[in-house]
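Here is the naming used below: chain letters follow the sequence lines, and residue numbers restart at 1 for every chain.
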There are 2 protein chains.
Amino acid sequence: MTEPSPSRASLACLPHDHSHCVSDALASAERICAQLGVRLTVLRKRVLELVWQSHKPLGAYDILGVLSGEDGRRAAPPTVYRALDFLLETGLVHRIASLNAFVGCNHPGEAHQGQFLICRSCHAAVELEHPAISTAILDGARTVGFQVEGQTVEVLGLCAPCQAAA
Amino acid sequence: MTEPSPSRASLACLPHDHSHCVSDALASAERICAQLGVRLTVLRKRVLELVWQSHKPLGAYDILGVLSGEDGRRAAPPTVYRALDFLLETGLVHRIASLNAFVGCNHPGEAHQGQFLICRSCHAAVELEHPAISTAILDGARTVGFQVEGQTVEVLGLCAPCQAAA
DNA sequence: GTGAAGGACGTTATTCTATAACTCTTTTCC
DNA sequence: GGAAAAGAGTTATAGAATAACGTCCTTCAC
C-alpha cells in the first residue's frame, strides 16, 4: 500500500510560478480522464481550474459564488457538488474535512492517501506524501485488528514562510 | 510531545460492560473539572453522558433531539454547541471532523492527539494512541519546515468484529 | 445581606454546508 | 434517426454551526 519512497511535498506557500501549477493540473486532468474514459466537461474543468487558483482550500460556496454570474451560467449548489464529486472520484481534488473545503491534488493518477499540512496563517494546504505516516497508521490499526480503507490526515500549524514572518 | 509508550486503544466495538465506560467517564469529568476550577453543570454533564451512551460519534443535532422534550428543558442549537465547546476545551470529548460528530475521550486529563479508527459498518470510533503516528507526522512536517500545532487523524475501515461478521 | 460582575443558559435569527428529487438537454451508440 | 444514458438546471429542503441579545443565577467583595 505504501512503497518506501522519500517524503514529498508541494511548493504551496513558497513563492513559485503558480500558472505552471494550474496548467499542469489541467493537462494532467485531461490525460487522466482520457485514460479513465470519463468526460472532463467544460463545467468540471472550470471547477478544477477554480480549485487550483491558489493552494488555499476552497469552499463549495466560494466556487458557487464565482460560477454564478459567469458567462450566462446560472449555478446552484448541486451543480458545484456534482462537479466536485466527479473530481474527487477521479482523484483530481481532495476534500479537507476539517475545513469543509477542496484543494487540487498534487499528484493525481498515483494511488495515495491525502496528507495535508494546513497553515493557520496563510491558509495554504501543503499536500505531503510521507509514507512513514501511512505505515504508522496501518501499524497502529493492526494492533487492534482494524482493516484500513481510508486515511484522513490533516495537520494544523504554521508553514515555514509564516513562521519567518512572525 | 510524544512519549515512547506502547500503543493503546479502547474496547469500543468489542463487547464490554458499557455502563462502566459511562460511569468512569462521568467520574473522571467531575475530577478533572474540579482540578481545573471549572463547572460541570447539569447540562454539560448530561451532554457528556449522551455522548458516552455509545462509542458511535454523535451529531450535535442528535444530542439536541434527545435534550428537547426531556424534563421541561427546551433546547436550541447554541445550548448544545456551548456544552460541546466546553467539553472539547476541557478535553472530555473529541470532535470527528470527517463525521461532524462528537465522541467521548478515552483518557481525558492526559495530553494527547486524538487518533480514531472509524468502522464504516458499526460506526464505532475507536480512539487509538499510537505514538508512532504522531512521530511520523512531526517527522514529515519537519522535512518541509512546518510547525505542527494540531493533528487530525481519522481512519475509515472495518473493525475486527465487523470483519468477522462479514 | 446587598449589589455588582461574570458565567451559564434561553431565544431568535441567520449563515454555511450538503443533498433529494425532478426536469431538461446533450452525448453516445446502435 | 432514435433510444439510452450521462450531464446539468431547478426547486426545495436537510443538516451543521454561529451571531447577537436577553435573562437568570452564582459568587464574592463590601
Subject >> dA17(D) OP1/OP2 closer than 4.0 Å to side-chain N/O of Asn100(B) >> reply: yes
**OP:** Report the distance from atom CG of Leu64(B) to atom P of dT11(C), rounded to the nearest whole Å.
**Re:** 12 Å
**OP:** Starting from P on dC9(C), measure out to CZ on Arg46(B) and report it in whole angstrom.
**Re:** 15 Å
Subject >> Length of the line joining Phe86(A):CZ and dA18(C):C1', which is rounded to integer Å >> reply: 20 Å
Subject >> Pairwise 5' ranking along DNA chain D for Ala83(A) and Pro77(A), keeping only the more 5' one >> reply: Ala83(A)
Original post:
dT27(C) phosphate, OP1 or OP2: any side-chain N/O from Arg39(A) under 4.0 angstrom?
Top reply: no
Subject >> His55(B) ring center near His18(B) ring center (under 6.0 Å) >> reply: yes
Subject >> His94(B) ring center within less than 6.0 Å of Phe116(B) ring center >> reply: yes
Original post:
Can you find a pair of side-chain heavy atoms, one from Phe102(A) and one from Pro57(A), that are under 4.5 Å apart?
Top reply: no
Subject >> Nucleotide dA8(D), atom C1' - distance to NZ of Lys45(A) in whole Å >> reply: 18 Å
**OP:** Name the closest nucleotide to the Tyr81(B) side chain, picking from dA8(D), dT17(C), dT18(D).
**Re:** dT18(D)
Subject >> Side-chain donor/acceptor of Tyr61(B) to base of dA17(D), under 3.5 Å >> reply: yes
Original post:
Within the modelled atom types, does a donor on one side and an acceptor on the other bring the side chain of Arg82(A) and the base of dG9(D) under 3.5 Å apart?
Top reply: yes
Subject >> Residue closer to the 5' end of DNA chain C, Asp62(A) versus Pro78(A) (nearest nucleotide) >> reply: Asp62(A)
Original post:
Could you give the CZ-to-C1' distance, from Arg44(B) to dC25(D), as a whole number of Å?
Top reply: 13 Å
Subject >> Pairs meeting criterion ring-ring contact (aromatic ring centres under 6.0 Å, His included) with involvement of residues 136-166 of chain A, two or more places apart >> reply: none
Original post:
Whole-Å distance between dA8(C) C1' and Leu84(B) CG?
Top reply: 15 Å
**OP:** Go through dA17(D), dT11(C), dT17(C) for me and flag the one nearest to the Ala76(B) side chain.
**Re:** dT11(C)
**OP:** Using atom CG of Asp85(A) as one end and atom P of dG7(D) as the other, report the distance to the nearest whole Å.
**Re:** 12 Å
**OP:** Using the side chain to side chain contact (heavy atoms under 4.5 Å, CB included) rule, pick out the option among Val103(B), Asn100(B), Asp85(B), Leu84(B) that qualifies with Arg95(B).
**Re:** Asn100(B)
Original post:
Of the nucleotides dA18(C), dC9(C), dA17(D), which has the atom closest to the Arg95(B) side chain?
Top reply: dA17(D)
**OP:** Provide, to the nearest angstrom, the distance between the CG atom belonging to Leu87(B) and the C1' atom belonging to dC9(C).
**Re:** 15 Å
**OP:** Compare side-chain N and O positions of Thr79(A) against OP1 and OP2 of dT10(D) and report whether any pair is under 4.0 Å apart.
**Re:** no
Original post:
Which sits closer to the 5' end of DNA chain D, Leu43(A) or Leu99(B), going by the nucleotide each is nearest to?
Top reply: Leu43(A)
